[in-house]
Amino acid sequence: MMDRDLNPCSDFFQYSCSKWLKANPIPSDQPGWGTFNSLALWNIAAVRETLEQAAAGSANRTDVEKQVGDYYAACADEAAVNRAGFAPLLPMLDRIGKLKDKSQLPELIAYMHQRIRPANLNFIDAQYQGVLFGIYAAPDFDDARVTLATLDQSGMNLPAREFYLKDDEKSKQIRDQYVKHVARMLALSGESQAKAAADANVVLSIESALAQAAMDIVLRRDPKNQNNRMTLAEVQALTPAFNWKNYFAAMQAPDSPQYIVAAPDFFRGVQKLIATEPIEHWQAYLRYSALHAAAPFLSAPFVQENFDFYGRILSGTPAIQPRARRCSYSTDIDLGEAVGQAYVARYFPPENKTRMLEMVKAIESALDVDIENAAWMSSPTKKLAHEKLAAQIDKIGYPNRWRDYSSVEIRRDDYLGNVQRASAFEIGRRMARFGKPTDRQDWNMTPPTVNAYEDAQSNTINFPAGILQPPFFEAAQIDAVNFGAIGAVIGHEIIHGYDDQGRKFDAQGNLRDWWTPDDAANYDQRDGCITDEYTQDVPEAGVKQNGKLSAGEDTADNGGIHIALGGLQRHLTAQGRDLDSLTKDGLTELQTFFLSYAHVWCGQQRPEAARTAVMSQGHSLGRYRINNVIANMPEFAHAFGCKAGQPMVHANACRVW
Ligand SMILES: [Zn+2]
């Protein structure tokens, strides 16, 4: 994979990825392509194989096989879905059409929340997509043992708040295209061209007002800004025009001892909107929101129009993915822990879990040593940092107990209905946790997912079986390969517990300042180096990266590879080897480790997708996840003989962990 004609000290991304990039152009149905994606494609092909067998409907199917098979079959029957047009959505559109008075909004919003697929939540950065606002269950910031109802900003159908507020030409152009798209969707659902065009402007105007009221993406990263506990009466006082008792009754939600309002100003904005916008405007906004959420499950014109804007315009992707693949993903999203059982049985043998746990333990030990050796940290803070690490739960592969979907009615001829009923099940499952003890064993990624996460409030790190495959993890590979790839991912997730967000939570997952003021100031100073480094031009995205937005991810990348290397060293020492020992390939262990690390981040994105990613989420693009990180590491300079002054050797090398 190396291009030996290039100099690793000039651009390690090019040195280690250019051959891969040439051999792996972005497929026409993808917004970008990297090693993550090729593994995801492999996983979803495996899922599809299972689903097609289950859908074939042999007499001895288990209940779980019947359920996932019927779900898949309903989606795969494109002719039937096309014949149905948008009829499956008519009950929801009718209810929106019958809205007579704004006092009925709470019941209508509840009806929609119960039928629209909720976003997968991944801690507090997640932009929760819900109509008008988001509702979910999350641990109490002050006492993580209890889960509370959380109300959050949402309701914007563009990818992020910034899309409504930025004033550059590209942003204006996207908004123009958005309004045209909204109009076409409304026209497809039977509105006249003139009404659809007028309504589309209303939709943009309401969503822009929501964006204005919403909390800034960087402010959201500080958990104390989201920690606003209220009684239901206080929530009611915030939005007098929206009757919360009626909403929660319609949601059939249990009482929550307190309510977290993640963004109070957003709800003040909602109050103002309800008070001022006429009923017809609400109907336009809700109608588009319903169409947008349902489009992928309706007939071809809706699927195409939805893809045309969100796929082609926002991500630059020319073609939509094959239907069988979309159906496989859809089944995984709605019935993931049912689909995941077969995946795990076939592709994640118990010995892989054992080997993963050994690596996790070695990397945790490396962080323990790091904490102990940190000259910038005092002993009281070190003691609590050790305690936090010791209290962390490491979840590998799949849940201890599979989620039971048996109450979800799945029909072989009702794709949208299946999605709606599965969504209602998921929303109900989340609401059932209001006021209940927090379940640290719950997962919010499905087993075939190629990803991983840390959750500070449950103090867990979570690695779905889907990422524990080559090139991330391979039982037959030497330690240097596995530690450079999945090891760096393990390290990344562990370090999230000690990044600028995670460090604010203690061993029990409570938002509590356990740092001495001096140690906190030292932390901020060290982290500031990373923030400055990543506040950089991203030419391939055409926008500037905000290092304050990506700080947590960048800190996790930089610290993660460091402790992964520490873990590798422990393993090598036990084998009587060291980092300079040569492997069978004639590379040193250390060179192998860095090449394996880079390989995981080889990839490229279409300019539109890169722009959306840099603006709306915290991860740096692959090129920077490689080059910015390794240039901070003297170990890298040692491995490849790089000298001061070369691009891959930062004069001001940042280091937190
Ligand atoms: Zn991360």
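First listed ligand is number 1; within each ligand, the first listed atom is number 1.
- Not a single N/O/S atom of His619, whether from backbone or side chain, sits less than 2.8 Å from the Zn ion (ligand 1).
- Asn373 pairs by the side-chain hydrogen bond (donor to acceptor under 3.5 Å, both in side chains) definition with nothing, not counting sequence neighbours.
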Starting from the C-alpha separation in whole Å, work towards a yes-or-no answer on side-chain hydrogen bond (donor to acceptor under 3.5 Å, both in side chains) for Thr555 and Asp527. CA-CA 7 Å; Thr555 304; Asp527 211 34; 2.7 Å; yes
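- The atom of His496 that is an N, O or S and sits closest to the Zn ion (ligand 1) is NE2.
- Of all the N, O or S atoms in Glu553, the one closest to the Zn ion (ligand 1) is OE1.
- Under a 3.5 Å cut-off, the side chain of Asp439 and the backbone N or O of Gln441 do form a donor-acceptor pair.
- Listed by first and then second residue, the side chain to side chain donor-acceptor pair (under 3.5 Å) pairs that reach into residues 385-398 are Lys361-Asp394, Glu364-Gln392, Asp368-His386, Glu372-His386, Lys383-Glu387, Gln392-Asp394, Lys395-Asn462, sequence neighbours excluded.
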